[in-house]
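Please read the structure below before turning to the comments.
Residue numbers count from 1 along this sequence.
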Amino acid sequence: YTGLKDSNGKEIYEGDIVNLSYEYEIRQYIVVWLEDRAGFWLTNLQNQEVVFDYPPFADDGEFEVIGNLFTKLTK
């Protein structure tokens with residue numbers, strides 16, 4: 001558990017797929033734990049690259065959980 005909630009009040013966990021409002025568009029990411037950075041980060045849904053240009057989970061309500069790696073997307 002990341003300790004954060006999305007814009008709907010849902011807890012955000014490792015493996016969750018989230019929508020992130022970013023520069024006038026919505027992008028999808030996977031929440032991952034990086035041991036070498038001791039924190040939760042986002043990876044690009046398409047190519048699994050870690051997104052280092054976005055701070056590791058600012059609690060600003062821009063995230064929306066839409067599914068996880070183990071279930072189908074809900075939206």
Side-chain angles (χ1 to χ4, degrees):
Y1 174 55
T2 65
L4 299 175
K5 295 183 179 178
D6 74 357
S7 57
N8 298 315
K10 185 173 182 173
E11 294 177 343
I12 302 174
Y13 288 87
E14 180 179 15
D16 279 348
I17 299 171
V18 297
N19 278 342
L20 170 63
S21 301
Y22 184 81
E23 295 182 2
Y24 308 107
E25 65 181 88
I26 296 176
R27 298 181 184 176
Q28 293 182 342
Y29 298 98
I30 301 170
V31 179
V32 296
W33 171 264
L34 294 181
E35 190 68 34
D36 62 332
R37 292 189 176 253
F40 291 98
W41 289 78
L42 302 175
T43 60
N44 187 298
L45 188 60
Q46 287 76 28
N47 60 15
Q48 306 293 310
E49 289 183 8
V50 176
V51 180
F52 289 116
D53 62 339
Y54 195 84
F57 278 106
D59 189 13
D60 55 13
E62 293 180 349
F63 296 96
E64 179 184 17
V65 176
I66 58 169
N68 63 49
L69 295 176
F70 311 105
T71 62
K72 296 180 180 179
L73 295 179
T74 57
K75 293 187 177 188

Taking every non-hydrogen atom, the tightest pair across [X] and [Y]:
X	Y	result
Val31	Tyr13	CB-O, 3.5 Å
Glu64	Asn8	OE2-ND2, 3.4 Å
Lys5	Ile12	C-CD1, 3.8 Å
Asn19	Gln28	OD1-CG, 3.0 Å

Side chain to side chain donor-acceptor pair (under 3.5 Å) against Glu14, all qualifying residues, sequence neighbours excluded: none
Which distance, rounded to the nearest 0.5 Å, do you find between the [atom1] of [X] and the [atom2] of [Y]?
X	Y	atom1	atom2	result
Ile26	Ile66	CD1	CD1	9.0 Å
Asp6	Phe63	CG	CZ	10.0 Å
Leu42	Leu34	CG	CG	10.0 Å
Tyr29	Thr43	OH	OG1	10.0 Å

